[in-house]
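What follows is a set of notes on a single structure, which appears directly below.
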Amino acid sequence: MALIGRHTAIVLAGMFVLAASAVAQSEDPSTGRNAWEACFNRPADWYGSAEAIRIADNVLLLQRNNGGWPKNIEIVAPFSDAERDSLREVKDRPGSTIDNGATHSELQFLRRVWAQTGLPRFKDGLTRGLEYLLAAQYPNGGWPQFFPVRADYSSHITFNDDAMTGVLDLFLDLVRLPEDSSGIDAAMRARLQRAIDRGVDCVLRCQIRVDGERTVWCAQHDEHTLAPAAARTYELPSFSGKESVEIVRFLMRFEHPQPETIAAIQGAIRWFDGSRIRGIRVVEVPDPTSPSGMNKVIVTDSTAPPLWGRFYDLETQRVFYCSRDGIKRFALSEISTERRNHYGWLGDWPAALLSKEYPRWQRRWVPSQNLLGGGGRSR
């Protein structure tokens with residue numbers, strides 16, 4: 001899912017096209033996702049500045065009439081008058097989503113700007129966005145990737161790219177803030193709390209159990225059965241070594257956690273601890289046969305820090321890899337060049353959780369139950 005660094009929505013024969021001036025985020029760190037992420041690392045008074053207000057007005061311009069936002073759009077750079085006119089013309093289009101940080105990150109930004117400025121338009125945009133997210137929640141507490149729901153894999157409950165946890169984190173932030181800095185009233189606060197409660201229940205019910213033991217989650221779960229589900233052809237049902245990390249972090253935010261929440265966290269930590277992959281490193285080497293001239297390979301290295309797979313087989317718990325053909329393979333070298341080099345198959349996603357965050361949480365809430373054994377598996 002490549003991010004586009006400059007968004008210009010132009011209606012042409014009923015389709016969106018991108019202006020020729022579009023640039024990839026990697027080409028200019030002052031635009032695209034890099035600049036948007038930087039907007040969340042500012043001191044509180046910056047959100048009342050002229051620059052923050054300008055960006056927040058961009059956020060409102062990009063908000064669809066249903067209250068949500070599309071993904072992979074430029075938010076920070078100024079728009080021309082022609083671009084603004086084109087964006088207004090597509091406000092009724094579908095495509096609002098929580099994928100790739102969309103919608104919940106825009107609402108986090110609007111909340112901060114409203115708190116510093118008190119300008120009603122930002123509170124109105126925040127409220128409309130919250131109404132969109134509340135309408136999108138399934139009765140069982142989960143969220144689909146897109147709303148209105150599409151007739152494809154995106155209808156599944158989506159933890160992939162931290163979609164559902166991003167929404168729940170937003171809601172939890174809002175209900176914990178004083179009303180004068182949150183932008184929401186008591187009635188909305190109560191609705192968000194009910195949505196959080198249902199969301200937590202859904203998270204706990206989705207957690208995969210093996211022989212009765214809690215483990216982790218899949219990147220998406222069936223919206224009816226809650227079973228692990230597939231997404232794109234190379235994203236098969238699995239134990240997720242990546243998305244499960246943010247789920248645990250969300251559950252760890254609760255004061256005085258309930259026994260079931262503690263059990264969920266402990267089960268996931270036990271699984272992460274036992275699923276470390278030791279003795280390997282992923283490196284890029286020159287490869288004239290690769291379109292980029294480089295190729296990712298796994299090499300043996302006894303000094304390498306632990307890694308985790310993005311996908312673990314549900315039956316064997318072996319790390320697997322997959323091309324767009326949907327065939328599960330157990331060696332990175334056996335999948336296509338395109339998928340091998342343009343997807344994160346191995347990473348250190350749980351490392352900080354295990355080394356820093358969990359020990360603090362465990363000492364506070366379950367001081368007699370430290371589950372970290374430092375185990376893991378070799379290649």
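When reading the values below, keep in mind they use all heavy atoms of this one structure, side chains included, and skip hydrogens, waters and symmetry mates. Given the structure is predicted, the values throughout are model-derived calculations rather than measurements. Along the sequence shown, residues are numbered consecutively beginning with 1.
- With values rounded to the nearest 0.5 angstrom, L107 atom CG is found 5.5 Å from L170 atom CG.
- A side-chain hydrogen bond (donor to acceptor under 3.5 Å, both in side chains) with D169 is found for one member of H104, Q108, R253 and no other, namely R253.
- Checked against a 6.0 Å centroid threshold, the rings of F147 and W69 do not count as neighbours.
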- Applying salt bridge (Lys or Arg N to Asp or Glu O under 4.0 Å), run through R310 and E243 and close with a yes or a no. CA-CA 8 Å; R310 186 155 190 171; E243 275 72 20; 3.0 Å; yes
- Residue pair E334, R340: steps toward the salt bridge (Lys or Arg N to Asp or Glu O under 4.0 Å) verdict: CA-CA 9 Å; E334 294 178 356; R340 182 166 62 250; over 6 Å; no
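- How far OG of S155 is from CD of Q145: 9.5 Å, rounded to the nearest 0.5 Å.
- Here the CG atom belonging to L168 is positioned 11.5 Å from the CG atom belonging to D162, to the nearest 0.5 angstrom.
- With rounding to the nearest 0.5 Å, the separation of CD1 in I55 from CD1 in I75 is 9.5 Å.
- Residues that satisfy the side-chain hydrogen bond (donor to acceptor under 3.5 Å, both in side chains) test with Q137, not counting sequence neighbours, are R198.
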- Message: Determine whether V248 and Y358 satisfy the following criterion, side-chain contact (heavy atoms from CB on, under 4.5 Å), listing intermediate values before the conclusion.
- Response: CA-CA 9 Å; V248 173; Y358 170 73; over 6 Å; no
For residues 41-48, tabulate all N or O donor-acceptor pairs below 3.5 Å that involve a side-chain atom, not counting sequence neighbours.
{"from": "N41", "atom 1": "ND2", "to": "E37", "atom 2": "O", "distance (Å)": "3.4"}
{"from": "Y47", "atom 1": "OH", "to": "C39", "atom 2": "O", "distance (Å)": "2.6"}
{"from": "Y47", "atom 1": "OH", "to": "R112", "atom 2": "NH1", "distance (Å)": "2.9"}

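- For the pair R150 and F146, the cation-pi test (distance below 6.0 Å, angle within 45°) is passed.
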- Output, in order, the C-alpha distance, side-chain angles, deciding distance and verdict of side-chain hydrogen bond (donor to acceptor under 3.5 Å, both in side chains) for S290 and N295. CA-CA 7 Å; S290 170; N295 186 33; 5.6 Å; no
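- By the criterion of side-chain heavy atoms lying less than 4.5 angstrom apart, applied directly or through intervening Ile, Leu, Val, Met, Phe, Trp or Tyr residues, L133 is grouped together with V149 in one hydrophobic cluster.
- Following chains of ILVMFWY side-chain contacts shorter than 4.5 Å, one cannot reach L314 starting from I327, and the two form parts of different hydrophobic clusters.
- For the pair Q193 (side chain) and I196 (backbone), a donor-acceptor distance under 3.5 Å is absent.
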- Message: Using salt bridge (Lys or Arg N to Asp or Glu O under 4.0 Å), reason through D325 and R329 one step at a time and then give a plain yes or no.
- Response: CA-CA 11 Å; D325 58 10; R329 294 178 171 88; 3.2 Å; yes
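- Remark: R189 does not engage D185 in a salt bridge, criterion side-chain N to carboxylate O under 4.0 Å.
- When all heavy atoms of V216 and S244 are compared, the pair lying nearest together is CB-OG, 3.3 Å.
- Of the options F330, F272, F239, W271, a ring pair (Phe, Tyr, Trp, His ring centres under 6.0 Å) to Y312 is made by W271 and by none of the others.
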- Task: Applying salt bridge (Lys or Arg N to Asp or Glu O under 4.0 Å), run through R205 and D201 and close with a yes or a no.
- Result: CA-CA 6 Å; R205 291 169 61 202; D201 180 67; 3.7 Å; yes
- Q317 vs D313, side-chain hydrogen bond (donor to acceptor under 3.5 Å, both in side chains): CA-CA, chis, key distance, verdict: CA-CA 5 Å; Q317 299 207 40; D313 185 85; over 6 Å; no
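- Across all their heavy atoms, G183 and K123 have their closest contact at O-CE, 3.3 Å.
- Between D173 and R176 no salt bridge is recorded (no basic side-chain N to carboxylate O distance below 4.0 Å).
- Taking the ring centroids of F159 and H221, they lie under the 6.0 Å cut-off.
- Between K71 and D99, at least one side-chain N (NZ, or NE/NH1/NH2) sits under 4.0 Å from a carboxylate O, which counts as a salt bridge.
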- Message: side-chain contact (heavy atoms from CB on, under 4.5 Å), that's the test. Do E357 and R360 meet it? Break it down for me.
- Response: CA-CA 5 Å; E357 298 159 52; R360 287 195 297 266; 3.7 Å; yes
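- Under a 4.0 Å N-O distance rule, the pair R364/E255 qualifies as a salt bridge.
- By the criterion of side-chain heavy atoms lying less than 4.5 angstrom apart, applied directly or through intervening Ile, Leu, Val, Met, Phe, Trp or Tyr residues, W361 is grouped together with F254 in one hydrophobic cluster.
- The line from OG of S105 to CH2 of W36 is 5.5 Å long, rounded to the nearest 0.5 Å.
- Every side chain to side chain contact (heavy atoms under 4.5 Å, CB included) that R191 has, sequence neighbours left out, goes to E131, L134, M188, R194.
- Between E213 and R270, at least one side-chain nitrogen of the basic residue sits less than 4.0 Å from a carboxylate oxygen of the acidic one, meeting the salt-bridge criterion.
- Remark: R111 does not engage E106 in a salt bridge, criterion side-chain N to carboxylate O under 4.0 Å.
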